[in-house]
Amino acid sequence: MPLKIKDLHRIHDWLWEVPKSYRSDMRVPARIFASEILLNDILRDRSIQQLINTTTLPGIIQAALAMPDTHEGYGFPIGGVVATVYPDGLISPGGIGYDINCGVRLLLSELNFPEIKPQLANLAAALNHAIPSGVGKGGKLKLSNQELDAVLTKGVKWLVEKGHALQEDLPKIESLGSLKEADPAMLSNHAKERGRGQLGTLGAGNHFIEVDRVAEIFDADSAAAMGLFQDQIVILMHTGSRGLGHQVASDYIRVMLKAMPSAGIHLPDPELAGMPFSSVEGQNYFRAMSAAANFAWANRQLIAEEAREAWSKVLGNAGGKLSLLYDVAHNIAKIEEYAVDGQKRQAIVQRKGATRAFPKQPVLIPGSMGTASYVLEGTEKSLEVSFGSTCHGAGRRMSRHAAQREINIEELKNSLQSQGIEIQAGSLRGLAEEAPQAYKNIDEVVAVVEKAGIARKAARLKPVAIVKG
DNA sequence: ATGTTC
């Protein structure tokens, strides 16, 4: 039965709850950060039913959480956070998603918009040329087995050793771009083969690299501390672990489904398939996921290098430096410590379409194509109410299929061009799925997370050039 | 998201 707004208890203006009493198999409540407007978008799909299903996971603590950009996903809603107790709580590949360590990275230039405007079309073309994109697309690098294992084991640390990253970049990457639990031996050959040629490639769907202008500064101190200024040109990228992470997810969903019956794990939806973190299957998945996460961080690092080269080629010495502001994941599992009911506890935090947002940390939120993106700052409160997490983007409000049916591609292209946005897109069909009408309103999503106290606005970005697969 | 239906 579809869920209605009356089934939800309003805790405050920006937080709603489905109480544990709603269904007998719930172990904790389900909580949704949303405004009434966004909740009406959210209730159009099955995301809240999916969220309720996740409250039944063995070992879940506090509550299952949905961010204001939440929408339906594989088993778990996208825009969700589930934390289970360490070490025996459930870990589920569906709680992290198929694109392991999908995330966002932001590079800051020293130039303002008027300074690069004459070169904008050239810059967009150079970025499109330098960075391979599209489904199944490979890159320049052909890694040997040993090199691929090194990327999987060490992530960006290996790229520093090889001169593809600066030591000073590392502290600006979540987990220093390297999860130590990673074990390449936990990946199938199939996963490795799919990933081998894909390092330094963008992919397709909602993945992109774009040139943005800082359109608005909200918090002068916080923006200045991050090195942001009005009209500054910055480069935003959104991508993940490509075919490699996808194959890891597929492989381990099968492993979990097979292992569950003898472990006595019963869940309301097979798409929630998982095993205790401490089990062999749980440990193997976590090590494989960590390796895929390292691959994704290395991927974003190499794309940043490619973007830096394209930038220099087009702008020459006058281009100056592109420095890394931050790189943050929004599809990942982490072991973190939280106070739950006054007690410090280790938790297996599973973020799927939810961004880590620790106090003082830059938080990067890409909006839908042609709209705004945001730089936020994490808060102390997120540690109390959202396992140090916030939203990850605008979040779909239309399925890919519905978007293809309803979006007129010519109108969409004209709309972007009339806004002065340079667009380089490999697939027109893919473009329709990313139309802003297919997504929720990013300004509304960000307003909610700020009002709920789980992130603070630092700056708003507007695209001037977009490159997509 | 994804060698877009192993």
Side-chain angles (χ1 to χ4, degrees), chain A residues 45 47 50 69-80 92-105 132-139 142 148 187-209 237-255 257-258 270-271 288-289 292-293 295-297 299-300 303 329-333 350-355 366 368-369 392-405 407 409 425-435 438-439 468-469:
Chain A
D45 69 22
S47 49
Q50 291 186 321
D69 52 335
T70 198
H71 60 102
E72 197 175 319
Y74 179 86
F76 297 62
I78 294 162
S92 167
I96 287 95
Y98 273 92
D99 190 5
I100 294 165
N101 190 2
C102 188
V104 189
R105 171 180 283 232
S133 64
V135 177
K137 196 74 179 181
K142 299 293 173 229
L148 180 58
L187 269 69
S188 65
N189 287 332
H190 191 190
K192 290 185 186 179
E193 286 316 312
R194 283 184 70 177
R196 185 190 300 281
Q198 292 188 323
L199 207 59
T201 68
L202 199 54
N206 62 7
H207 289 166
F208 64 80
I209 178 162
M237 61 191 73
H238 176 214
T239 185
S241 50
R242 310 288 282 98
L244 182 139
H246 193 273
Q247 194 59 45
V248 168
S250 303
D251 289 343
Y252 278 93
I253 287 166
R254 201 172 330 115
V255 167
L257 281 170
K258 195 172 165 205
E271 293 186 356
M289 184 224 68
F295 183 88
W297 273 311
N299 189 33
R300 288 195 290 275
I303 291 173
H330 52 231
N331 282 11
I332 201 162
Q350 295 161 68
R351 299 191 177 95
K352 180 187 191 179
T355 313
S368 54
M369 186 174 62
H392 85 306
R396 285 196 167 278
R397 60 186 291 279
M398 222 183 257
S399 69
R400 291 178 186 281
H401 190 79
Q404 283 193 23
R405 200 175 49 227
I407 306 302
I409 294 172
S427 151
L428 288 179
R429 196 177 123 189
L431 210 62
E433 294 179 356
E434 299 310 315
Y439 281 83
K468 292 184 68 68

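Quick note on labels: first sequence line is chain A, next is B, and so on, each numbered from 1.
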> Calculate, to the nearest 0.5 Å, the distance between atoms CZ and CG belonging to R242(A) and D99(A) respectively.
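One gets 8.5 Å once the value is rounded to the nearest 0.5 Å.
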> Any side-chain N or O of R242(A) less than 4.0 Å from the OP1 or OP2 oxygen of dT2(B)?
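Checking R242(A) against dT2(B): at least one side-chain N or O falls below 4.0 Å of OP1 or OP2.
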> For H190(A), answer base if it contacts any base atom (sugar-phosphate contacts may also be present), sugar-phosphate if it contacts only those atoms, and nothing otherwise; contact means non-hydrogen atoms under 4.0 Å.
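Base, at least one base heavy atom under 4.0 Å.
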> Please report the distance, rounded to the nearest Å, between CG in N299(A) and P in dT2(B).
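Value for this atom pair: 10 Å.
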> What's E72(A) touching, base or sugar-phosphate or nothing? Going by heavy atoms closer than 4.0 Å.
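The residue E72(A) makes no contact with any strand.
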> In this structure, how many angstroms lie between the P atom of dT2(B) and the CD1 atom of I96(A), rounded?
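Interatomic distance, CD1 of I96(A) to P of dT2(B): 18 Å.
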> Q247(A) has an atom CD; how far is it from atom P of dC6(B), in whole Å?
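So the CD-P distance, Q247(A) to dC6(B), works out to 11 Å.
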> Would you classify R400(A) as touching base, sugar-phosphate or nothing, given that sugar-phosphate means primed atoms plus P, OP1 and OP2, and contacts are heavy atoms under 4.0 Å?
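Result for R400(A) = base.
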> Name all residues meeting the side-chain contact (heavy atoms from CB on, under 4.5 Å) criterion together with Q247(A); count only those two or more places apart in sequence or in a different chain, and write none if there are none.
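Testing Q247(A) for side-chain contact (heavy atoms from CB on, under 4.5 Å), a comparison that skips the adjacent residues, returns S188(A), H190(A), A191(A), R194(A), S250(A), D251(A).
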> Would you mind reading off the distance between Q198(A) atom CD and dT4(B) atom P, rounded to a whole angstrom?
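From Q198(A) CD to dT4(B) P: 12 Å.
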> Counting the benzene-type ring for Trp, do H238(A) and H392(A) have ring centres under 6.0 Å apart?
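Between H238(A) and H392(A), the centre distance exceeds or equals 6.0 Å.
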> Please give, in whole Å, the distance from dT2(B) P to H401(A) NE2?
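It works out to 20 Å between those atoms.
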> Classify the nucleic acid contact of Q404(A) as base, sugar-phosphate or nothing, counting any heavy atom under 4.0 Å across all strands shown.
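It contacts nothing in the nucleic acid.
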> Could you state the atom-to-atom distance from CD of E433(A) to P of dT2(B) in whole Å?
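Distance check: E433(A) CD to dT2(B) P gives 11 Å.
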> State which residues pass side-chain contact (heavy atoms from CB on, under 4.5 Å) with V135(A); sequence neighbours excluded, sorted by chain then number.
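Listed in chain order: A204(A).
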> Roughly how many Å is it from CZ in R429(A) to C1' in dT2(B), rounded to a whole number?
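Going from CZ in R429(A) over to C1' in dT2(B) covers 13 Å.
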> For H238(A) and V135(A), find the nucleotide of DNA chain B closest to each by heavy atoms; which residue's nucleotide sits nearer the 5' end?
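It is H238(A), whose closest nucleotide lies nearer the 5' terminus.
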> Mind checking A204(A) for me? I need base, sugar-phosphate or nothing, with any heavy atom below 4.0 Å counting as a touch.
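Sugar-phosphate only.
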> Tell me the interatomic distance from E193(A), atom CD, to dC6(B), atom P, rounded to whole angstroms.
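Distance check: E193(A) CD to dC6(B) P gives 18 Å.
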> Nearest 0.5 angstrom please: I332(A) CD1 to I96(A) CD1, how far?
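If I round to the nearest 0.5 Å, the distance is 9.0 Å.
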